[in-house]
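Sequential numbering from 1 along the given sequence is applied to the chain's residues. Whatever order the structure lists them in is the order used to number ligands and atoms, beginning at 1. Computed from a prediction, not measured in an experiment: that's the story for all the values here.
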Amino acid sequence: MKVLGINALYHDPAAALVVDGRVVAAAEEERFSRRKHGKRPLPWSAWELPELSAAWVLAEAGLTPADLDAVAYSFDPRLMPSPEETGLHNEGDVMRKTYAEKAPSFLAHYLPGLSEDRVRYVPHHVAHAASAGLAAPYPTNSVLVLDGRGEAVSHLAGRYTDGQLEVLASQALPHSLGLLYEDLTDHLGFLRSSDEYKVMAMASYGKPRFAAELEPYIHATGDGGFRTERIDFTEFAPRLGKGDEWTEAHADLAASVQLRLEETLLDLAHWLHGRTGDSALTLAGGVALNCVANSRIHAEGPFEQVWVQPAAGDAGTALGGALSVATDLGDTTAPMPGADLGRGWTDEEIEAWLATAAIDYERPHDVADAVAAVLADNGIVAWFQGRSEFGPRALGHRSLLAHPGHEANLERMNNVKGREQFRPVAPMVLAERASEIFGRGPIPSRYMLFVHDVHPDWRERIPTVTHVDGTARIQTVDRAEEPLVARMLECFERRTGLPVVVNTSLNTAGRPMVDDPRDALECFGSAPVDLLAIGPFVVRRPRPTPR
Ligand SMILES: [Fe+2]
């Protein structure tokens, strides 16, 4: 069966293609449209569809819309209550529901040849659940989904057995851990539905001194669900505007809400384990991008394995929706092969881009060692290799790399990316070396969705990637899966004695991650990056002539 998955209604529009139960391609619309998150999650943008990414996933597989057996749309308007019934009183929902009902005809417009009756609605949280439970390498697993909202709920707890989902609990709106965290994001002067990870980073600077006071407002209910009541955050710290300086009280508020979130998630994990007794837990939904909470679930929760969908936000519902419908149609699905499900180019194609740009480039004997040499010399490298990543993390395909041994490189990287200085940058490390340097979190940690402690004797050696609380959000690199990245790490260690490299996403402030060679050249041209390694080629930044 050939199933196209579409996420469109709220944010992070994306498309995915599943053929005979296997994920063939998946991409977020932002990588094509060059608009971060694809669009703002406004009611009147709900009709916008991931037309460019949908066309690409089909082209990648050599299919036309007429070849599709089904299109999975990761939201079911038939399940959507009125604004009064959800308790959110969001009048925009009426418009959203209308657009979701019209989605089949809109899709048929953008995908000529597609028959409207091929479009199937998949409940939002079922699509999230499938993106974890069917994509993870565990045939039987317990699954937890937590996000801002779907049609009528904000949570699903269930179990996958042989590809079939049994739903065990769900939490009705208006209670929502995701919306609560979004409200706090907004209160702290950041962009709602986008900057939640900044709140998590800020929390590590604070003390959770308001957590006990907040417990009545954020807590699990012992029946698989939870409560989130409206909180007047101004009672704890004044509201901030964009770019305003935050104070200790703001960091303490962030730390307190973060702690209540973690405790609630732990309670939900314990409840679910009590029902299933499974060894593996899979997670999806935007809340599952909270790697600090994921680490507590791993360290203190009852499950032996915790697997998180790398595109845990709504983009992942394109993938999960397609997997879910493929199962409904009788296919047996396979775990996702990795997060590198986006666009890639042959060496010849890349060379043609470089020739078109009329730019000097070289083909070194070994691009991995050429990169390691520049990194060892404290240069910054834009690394563009293979297919782009699905989800928000750079995993060694569209990455910005640097030396981890110089404290000043944190500020330097944040300046290159135009980010706030309190934001950490993350390390990549060979999987077999990780436990020498990092502890507590799960190893391997392939998708950068957990935080680890940096062993005390390593903190001084890799200060760029050691966060203020002594942690790091690591990516472990498997030699068999990522031979080129592994070789680059080895070459860097040979030159510096450090088996770790700084890895952050290849983009500049407010822009989506680089996806195609033109994006890479534009980014390289406009940011103080010393070397662009693109396929087997390198482009060096000429040293400025002294004035
Ligand atoms: Fe969602």
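Among residues at least two apart or in separate chains, side-chain hydrogen bond (donor to acceptor under 3.5 Å, both in side chains) pairs with a member in residues 45-54 are Glu29-Ser53. The stretch residues 327-343 participates, sequence neighbours left out, in these side-chain hydrogen bond (donor to acceptor under 3.5 Å, both in side chains) pairs: Arg343-Asp515. The ring pair (Phe, Tyr, Trp, His ring centres under 6.0 Å) contacts involving residues 306-330 comprise nothing, where partners must be two or more places apart or lie in separate chains.
Shown here is Arg22, whose CZ atom has no more than 12 heavy atoms of other residues, nucleotides or ligands within 6.0 Å.
Inside a sphere of radius 2.8 Å centred on the Fe ion (ligand 1), the protein N/O/S atoms present are His124 NE2, His128 NE2, Asp147 OD2, Asp314 OD1.
Using a 30° and 60° split on the angle between ring planes, Tyr73 and Tyr121 fall in the perpendicular class, above 60°.
Ion pairing of Lys97 with Asp76 is absent here, as no side-chain N (NZ or NE/NH1/NH2) approaches a carboxylate O to less than 4.0 Å.
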